[in-house]
Peer 1: 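I have a structure I would like to understand better, so I am pasting it below and will then ask my questions one at a time.
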Amino acid sequence: MRPWKTRVNADRFQLQLSGKILFEACSLGRGRFCSRSMQDWFDVAKKIDSLVLEAAASAGLENSFSSEIRPADPRFGDLQANGALPYAKRNKNNPRQIAQSLVEKLEANPNLTEHADISIAGPGFINFKFKPSFQLAWLSAFRDRESFKSAAKALHAGEKVVVDYGSPNTAKQMHVGHIRSIVIGEAICRLLEFCGAEVVRDNHIGDWGTPYGKLFYAYKRHLDAKALERDPLEELERLYKLGSKLADDAAVLEECRQELVDLQAGKPESMALWETVNKLSIQGLETIYKELDVHYDCYLGESFYRDKVEQVYQELKDNGLSEESKGAVVVFHPEHPRFKEQPFIIRKSDGASNYATTDLATMLYRNEHFKATSIVIVTDDRQKDHFEQLDLTTKKWFEKTRRQMPKFSHVMFGKINGEDGKVIKSRSGDPIRLRQLIDEAVERAAKIVREKNATLPEDEIKHIAEVIGVNAIKYADLSQNRTSDYIFTWEKLLSFEGNTAPYLLYAAARIQSIFRKLDTDQLADLESKATPFETPEEIALANKIIAFVGVLQSTIEQLRPHLLCTYLFELAGAYSSFYSANKVIVSESDVQARRLLLCQRTLVALQSGLGLLGIPTLQRM
RNA sequence: GGGGCAAUAGCUCAGCUGGAUAGAGCAUCGGAUUUCUAAUCCGAGGGUCGGGGGUUCAAGUCCCUCUUGCCCUACCA
């Protein structure tokens, strides 16, 4: 049930093993190290973890000892190891003494003491504070996005993940309710790719079913061809609503039913119309995806699976998993407290398939056709039961039929509410359209950009406003813990203060503005010109950059993009504090070099992090 | 009825799976600009972590219970 966790534990184990042999820190004077030994320190928490375990072994502690590395309170250090406390408790020892024995071993290891100061505090916390020379060495070794990526790619290398996200219905405008799946799903794809996985982006659109009867009825009689060309989804939605309204009349309803029957029977004329609607719908969806910088590999919607459900019925029946109940075909799970009585309905009593059937067929297709090692589905949390049942059923089905079961993750998210705490709606009572939301955000952004930076040419203002508007929306969603509901307000969405996209974009733009003031040889060879960090702001910023790695891991482990957002906000804050307290362009060349190095690495971390969230940066704003 | 999720500063939210004096942002108040983008920075006030029990060196975090809200609970997706 927790595929992402197992992976990381396995990884940690490997590091423990390698920690014992990989120790030839070759100091090159002034605290610099060759990059080979620094590779080992990419994830400082893991490295410290392996060193503490090593110390525990040589101090004679049992192998039940776990080091429990955490970020420390900055007053005490950068990282802390808390493992002495629970260990002492289990073995009825004095925790302070256990910590003391560990510290003695750690102090005897020059490869650690060169990099960090070790101290012991309170009931037995062990604190590590990195030396400025180590910070400089780390920042010299991990200099760009590529070096981050190559170090991170081991996390999910060799995996093939199908990510199912977005999933709107065709013939309808997308509204605010769709934004979370799109934005969170896309971020997850990028994170997985960054960590070495091969990703298939699949849009499981709702392109089949009962609404088509009403839509076709209205389409044939009330189509506005010009409107369709201008905005296909708007016109199709209008027609569907019209059809629904007209179907209040019994005679019309009968004609709608006939339309549906014709479609399901595959009548050529109906199929042709269905294909037209489908094509126009995807075209309409793609204009918004493009603005959001989301690009799918495939659109395998419900219709794609309609000829694949027979196999599902057959195999579940043949393997004794399904049974008939109240006229429907269902799957119960006797071992489960709830699903022993709550059925997973795979075939309705009228013989038709439903969501469960196509999802089962989808699991099979992703397994057999894509050879997926993992499947991630991004939907709202109301579907939790459904996907738990899908997971349980598929596990049993694949086991009986000797298929490999991929890791399955239902990445769910909460609702977006209005300021009154209720589901957000426009004045007319309909959900707010995504189109309208984006346009308004861009419009408001343009107004602010004009106020703040009147000297920019109009076309650049337009470009900047688009980036800020669209990404303010994305970031507002990503920065929220996905499993909670959250309250949507225009003020918050478009705020240019606090934990928002504009704040981060501004930090990145300021850095680039500094670089524009210098020529290339002033920016070259910063690593060799720089001296170790001295001011509190330099040291704090350097630590924040180094912390990127750990945050990336927990973000991917939990598939929670807000962890990365919180980090980026703190990074931008550390940069702003540094920037206002430390002048970068100064006469001492070594000081200037180390501050420019910090600026450059901050930019790398910001751009990498934002890029993983699907957010580009701006040169100017 | 059964189950799930939530409740943390005036507001919006974090809190890394039990660790040191519970943190941000907004709002309020007070400072900083002859200075590399002030869309910024520094500081102050503001808390019975919904209530009550329990587990232990240590609980916002775990177990029980109560209150309130949202959601799911047989043929929607």
Side-chain angles (χ1 to χ4, degrees), chain A residues 5 68 70-73 75-76 80 82 85-86 88-89 95 121-125 127 167 169 206 209-210 302 325-330 337-338 341-350 352 354-356 358-359 379-386 388 412 414-415 417 419 421-423 448-449 451-453 468 479-481 483-487 489 491-492 495-500 502-503 505-507 509-518 537 550-551 553-555 557-558 560 562-563 565-567 569-570 572-573 575-586 595 599 620-621:
Chain A
K5 279 220 152 148
E68 298 198 18
R70 311 269 144 83
D73 185 317
R75 284 167 303 184
F76 305 116
Q80 60 178 225
N82 296 349
L85 284 84
K89 187 185 173 183
F125 301 111
N127 293 307
S167 316
N169 290 325
T210 50
E302 282 159 16
S325 173
K326 300 184 184 174
V329 179
V330 306
R338 194 161 62 257
E341 296 192 342
Q342 184 180 317
F344 192 48
I345 299 170
I346 64 164
R347 185 167 206 169
K348 300 195 283 183
S349 50
D350 65 1
N354 65 3
Y355 196 44
T358 51
D359 272 353
T379 80
D380 68 83
D381 54 16
R382 288 173 306 184
Q383 302 185 48
K384 194 175 173 229
D385 278 5
H386 168 79
E388 257 180 67
M412 55 190 169
K415 290 194 306 296
N417 292 327
E419 284 179 82
K422 293 179 185 164
V423 177
I448 295 167
V449 174
E451 276 168 20
K452 298 283 181 190
N453 206 339
I468 291 176
S479 60
Q480 216 78 30
N481 185 353
T483 46
S484 322
D485 295 350
Y486 79 92
I487 295 190
T489 64
E491 195 192 333
K492 186 170 178 177
S495 170
F496 285 64
E497 288 169 328
N499 187 7
T500 65
Y503 180 80
L505 294 176
Y506 180 61
R510 285 165 112 187
I511 296 172
Q512 301 190 72
S513 155
I514 292 176
F515 294 159
R516 276 196 297 272
K517 294 191 183 302
L518 301 165
E537 295 85 8
V551 173
Q553 291 207 16
S554 35
T555 303
E557 217 175 281
Q558 302 181 43
R560 287 181 196 273
H562 85 283
L563 298 173
C565 294
T566 303
Y567 165 79
F569 175 56
E570 286 167 2
Y575 177 77
S576 292
S577 300
F578 155 78
Y579 178 85
S580 65
N582 299 265
K583 195 155 168 51
V584 175
I585 300 173
V586 292
R595 291 184 179 166
C599 289
R620 294 195 289 181
M621 61 188 280

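None of these values were measured; they are calculated from a predicted model. Just so we're on the same page: letters track the sequence lines, and every chain starts at 1.
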Peer 1: P atom, B/A7 versus B/G43: distance in rounded Å?
Peer 2: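 Here B/A7 and B/G43 have their P atoms 29 Å from each other.
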Peer 1: Holding to side chain to side chain contact (heavy atoms under 4.5 Å, CB included), I want the full list of residues that pass it with A/R595, two or more places apart in sequence or in another chain.
Peer 2: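 Once residues adjacent in sequence are excluded, the partners of A/R595 under the side chain to side chain contact (heavy atoms under 4.5 Å, CB included) criterion are A/T535, A/E538, A/F578, A/N582, A/V584, A/V586, A/V591.
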Peer 1: With the sugar-phosphate defined as primed atoms, P, OP1 and OP2, and the base as all remaining atoms, what B/S/- string results for nucleotides 7-13 of chain B, 5' to 3', for protein heavy atoms under 4.0 Å?
Peer 2: -----SS
Peer 1: If the plane angle is over 60° it's perpendicular, under 30° parallel, otherwise tilted; pick one for A/H386 and A/Y355.
Peer 2: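 Parallel: the ring planes of A/H386 and A/Y355 meet at under 30°.
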Peer 1: Taking 4.0 Å as the cut-off, does a side-chain nitrogen or oxygen of A/H562 come that near to OP1 or OP2 on B/G15?
Peer 2: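 The answer is yes; a side-chain N or O of A/H562 sits under 4.0 Å from OP1 or OP2.
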Peer 1: On RNA chain B, does the nearest nucleotide to A/F76 precede the nearest nucleotide to A/S576 from the 5' side, or the other way round? Give the residue.
Peer 2: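 That would be A/F76.
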Peer 1: What distance, rounded to whole Å, do you find between the two C1' atoms, one in B/A58 and one in B/A22?
Peer 2: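 Roughly 15 Å separates the two C1' atoms.
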Peer 1: List the atom of A/I511, the atom of A/C599, and the distance in Å for their closest heavy-atom pair.
Peer 2: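 What the structure gives for the nearest pair is CG2-O, 3.5 Å.
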Peer 1: Between B/G19 and B/A59, how far apart are the two P atoms, rounded to whole Å?
Peer 2: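 Straight-line distance between the two P atoms is 11 Å.
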Peer 1: Sequence neighbours left out, what passes side chain to side chain contact (heavy atoms under 4.5 Å, CB included) with A/K348? Give chain and number order.
Peer 2: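 By the side chain to side chain contact (heavy atoms under 4.5 Å, CB included) rule, A/K348 matches A/D350, A/A352, A/N354.
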Peer 1: Work out how far the P atom of B/G23 is from that of B/G47, and round it to whole angstrom.
Peer 2: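 Nearest-Å result for B/G23 against B/G47 at atom P: 14 Å.
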Peer 1: Distance check needed: B/A39 P versus A/Y503 OH, whole Å only.
Peer 2: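 Atom OH in A/Y503 sits about 13 Å away from atom P in B/A39.
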Peer 1: Have a look at A/P343 and say if it touches a base, only the backbone sugar-phosphate, or nothing, with a 4.0 Å heavy-atom cut-off.
Peer 2: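 Base contact.
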Peer 1: Rounding to a whole Å, what distance do you find between A/M412:CE and B/G4:P?
Peer 2: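 Those two atoms, CE and P, are 12 Å apart.
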Peer 1: Please list, chain by chain and in numerical order, all residues satisfying side-chain hydrogen bond (donor to acceptor under 3.5 Å, both in side chains) with A/R516, sequence neighbours excluded.
Peer 2: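 side-chain hydrogen bond (donor to acceptor under 3.5 Å, both in side chains) list for A/R516, sorted by chain: empty.
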Peer 1: Test of understanding: with side chain to side chain contact (heavy atoms under 4.5 Å, CB included), list the residues that count as partners of A/Q480, not counting sequence neighbours.
Peer 2: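 Side chain to side chain contact (heavy atoms under 4.5 Å, CB included) check on A/Q480 returns A/R180, A/Y486, A/K492.
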Peer 1: Rounding to an integer number of angstrom, what distance separates B/G50 and B/U28 when you compare their C1' atoms?
Peer 2: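 The same atom, C1', in both gives a distance of 26 Å.
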Peer 1: Expressed as a whole number of angstroms, how long is the span from A/L563:CG to B/G15:P?
Peer 2: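 In whole Å, B/G15 P and A/L563 CG are 7 Å from each other.
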Peer 1: Looking at NZ of A/K583 and CD1 of A/I514, how far apart are the two atoms once the value is rounded to the nearest 0.5 Å?
Peer 2: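 The NZ atom of A/K583 sits 8.5 Å away from the CD1 atom of A/I514.
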Peer 1: Which heavy atom of A/N499 sits nearest a heavy atom of A/C565, and at what distance?
Peer 2: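 Residues A/N499 and A/C565, closest heavy atoms: OD1-O, 4.0 Å.
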Peer 1: Can you name the side-chain hydrogen bond (donor to acceptor under 3.5 Å, both in side chains) partners of A/N82, sequence neighbours left out?
Peer 2: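 side-chain hydrogen bond (donor to acceptor under 3.5 Å, both in side chains) list for A/N82, sorted by chain: A/Q80.
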Peer 1: For nucleotides B/C41 and B/C49, find the distance between their P atoms and express it as a whole number of Å.
Peer 2: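 Rounded to whole Å, the distance is 30 Å.
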Peer 1: Using atom P in both nucleotides, what's the gap between B/C11 and B/U48 to the nearest angstrom?
Peer 2: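 Approximately 12 Å lies between the P atom of B/C11 and that of B/U48.
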Peer 1: Pull up the glycosidic torsion of B/U12 and say syn or anti, syn being anything within 90° of 0.
Peer 2: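 Classified anti.
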Peer 1: Other residues, nucleotides and ligands only: do more than 12 of their heavy atoms fall within 6.0 Å of CZ on A/R382?
Peer 2: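 For A/R382, atom CZ is not crowded (no more than 12 foreign heavy atoms under 6.0 Å).
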Peer 1: If you round to the nearest 0.5 Å, how far is CZ of A/R510 from OH of A/Y575?
Peer 2: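 Going from OH on A/Y575 over to CZ on A/R510, the span is 7.0 Å.
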Peer 1: To the nearest Å, how far apart are A/N127 CG and B/G19 P?
Peer 2: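 Result: 15 Å.
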Peer 1: Quick one: OH on A/Y506 to CD on A/E497, what's the gap to the nearest 0.5 Å?
Peer 2: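 Those atoms lie 12.0 Å apart.
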Peer 1: Between P on B/C71 and NZ on A/K422, what's the gap in Å once rounded to a whole number?
Peer 2: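 Distance check: A/K422 NZ to B/C71 P gives 11 Å.
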Peer 1: Of all residues at least two apart in sequence or in a different chain, which pass the side-chain hydrogen bond (donor to acceptor under 3.5 Å, both in side chains) check with A/T483?
Peer 2: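 A/T483 satisfies side-chain hydrogen bond (donor to acceptor under 3.5 Å, both in side chains) with A/N481, A/R560 only.
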Peer 1: Looking at every strand, decide which applies to A/V330 at a 4.0 Å heavy-atom threshold: base, sugar-phosphate, or nothing.
Peer 2: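 Base contact.
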Peer 1: Does B/A20 have A/F125 stacked on its base, where the ring centres are within less than 5.5 Å and the planes differ by under 30°?
Peer 2: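 Answer is yes, a stack.
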Peer 1: Taking atom C1' in both B/G3 and B/G18, compute the distance separating them and give it to the nearest angstrom.
Peer 2: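 The same atom, C1', in both gives a distance of 27 Å.
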Peer 1: In whole Å, I'd like the distance from the CD atom of A/E388 to the C1' atom of B/C5.
Peer 2: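 It works out to 12 Å between those atoms.
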Peer 1: Identify the heavy atoms of A/P123 and A/L85 that sit nearest to each other, and give their distance.
Peer 2: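 Looking at all heavy atoms of both residues, the shortest contact is CG-CD2, 3.8 Å.
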Peer 1: Give a yes or no on this: more than 12 heavy atoms of other residues, nucleotides or ligands lie within 6.0 Å of atom CD of A/E491.
Peer 2: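 No, CD of A/E491 has 12 or fewer neighbouring heavy atoms, counting only those of other groups under 6.0 Å.
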Peer 1: Base, sugar-phosphate or nothing for A/D385? Non-hydrogen atoms, less than 4.0 Å.
Peer 2: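 Sugar-phosphate contact only - A/D385 comes under 4.0 Å of backbone atoms but never of a base.
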Peer 1: Determine the stems involving RNA chain B; a stem requires 3 or more consecutive pairs of the Watson-Crick or G-U wobble kind, each with both distances below 3.5 Å, and the answer is none if no such run exists.
Peer 2: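 Output for stems: B:1-7 with B:67-73, B:10-13 with B:23-26, B:28-32 with B:40-44, B:50-54 with B:62-66.
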Peer 1: Rounded to whole angstroms, how far apart are CG on A/D381 and P on B/C5?
Peer 2: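 Roughly 11 Å, once rounded to whole Å.
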Peer 1: At under 4.0 Å between heavy atoms, how does the protein contact nucleotides 23-37 of chain B? Give one character per nucleotide, 5' to 3', with B, S or -.
Peer 2: -SSS--------SBB
Peer 1: Using atom CG of A/D73 as one end and atom P of B/G19 as the other, report the distance to the nearest whole Å.
Peer 2: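 Interatomic distance, CG of A/D73 to P of B/G19: 14 Å.
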Peer 1: Which part of the nucleic acid, if any, lies within reach of A/P71 when heavy atoms closer than 4.0 Å are counted: base, sugar-phosphate only, or nothing?
Peer 2: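 A/P71: base contact, heavy atoms under 4.0 Å.
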Peer 1: Under 3.5 Å, is there a donor-acceptor pair between the side chain of A/N453 and the main chain of A/M621?
Peer 2: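 At least one qualifying donor-acceptor pair exists.
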Peer 1: Mind checking if A/D380 touches a base, just sugar-phosphate, or nothing, with heavy atoms under 4.0 Å?
Peer 2: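 Nothing, no heavy atom under 4.0 Å.
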Peer 1: With sequence neighbours excluded, what pairs up with A/Y503 under the side chain to side chain contact (heavy atoms under 4.5 Å, CB included) test?
Peer 2: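 Per chain and number, A/Y503 pairs via side chain to side chain contact (heavy atoms under 4.5 Å, CB included) with A/T500, A/F569, A/A572, A/S576.
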Peer 1: Going from CG on A/D385 to CD on A/Q342, what distance comes out if it is rounded to the nearest 0.5 angstrom?
Peer 2: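 Reported to 0.5 Å precision, the distance equals 5.0 Å.
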Peer 1: Give a yes or no answer on whether the side chain of A/T555 reaches the backbone of A/V551 with a donor-acceptor pair at less than 3.5 Å.
Peer 2: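 Pair found, side chain donor or acceptor close to backbone of A/V551.
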Peer 1: Spell out protein contact along nucleotides 54-63 of chain B as letters: B when the base is contacted, S when just the sugar-phosphate is, - when no protein heavy atom is under 4.0 Å; keep the 5' to 3' order.
Peer 2: --SBB-----
Peer 1: Is any N or O donor-acceptor pair between the side chain of A/Q80 and the base of B/A20 shorter than 3.5 Å?
Peer 2: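 Yes, the side chain and the base share a sub-3.5 Å donor-acceptor pair.
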Peer 1: Distances under 3.5 Å between protein N/O atoms and the N/O atoms of nucleotides 75-77 of chain B, please, pair by pair.
Peer 2:
from	atom 1	to	atom 2	distance (Å)
B/C75	O2	A/S349	N	2.6
B/C75	N3	A/S349	OG	3.1
B/C75	N4	A/K326	O	2.5
B/C76	OP2	A/K348	NZ	3.3
B/A77	OP2	A/Y355	N	3.4
B/A77	O3'	A/E302	OE1	3.2
B/A77	O3'	A/E302	OE2	2.4

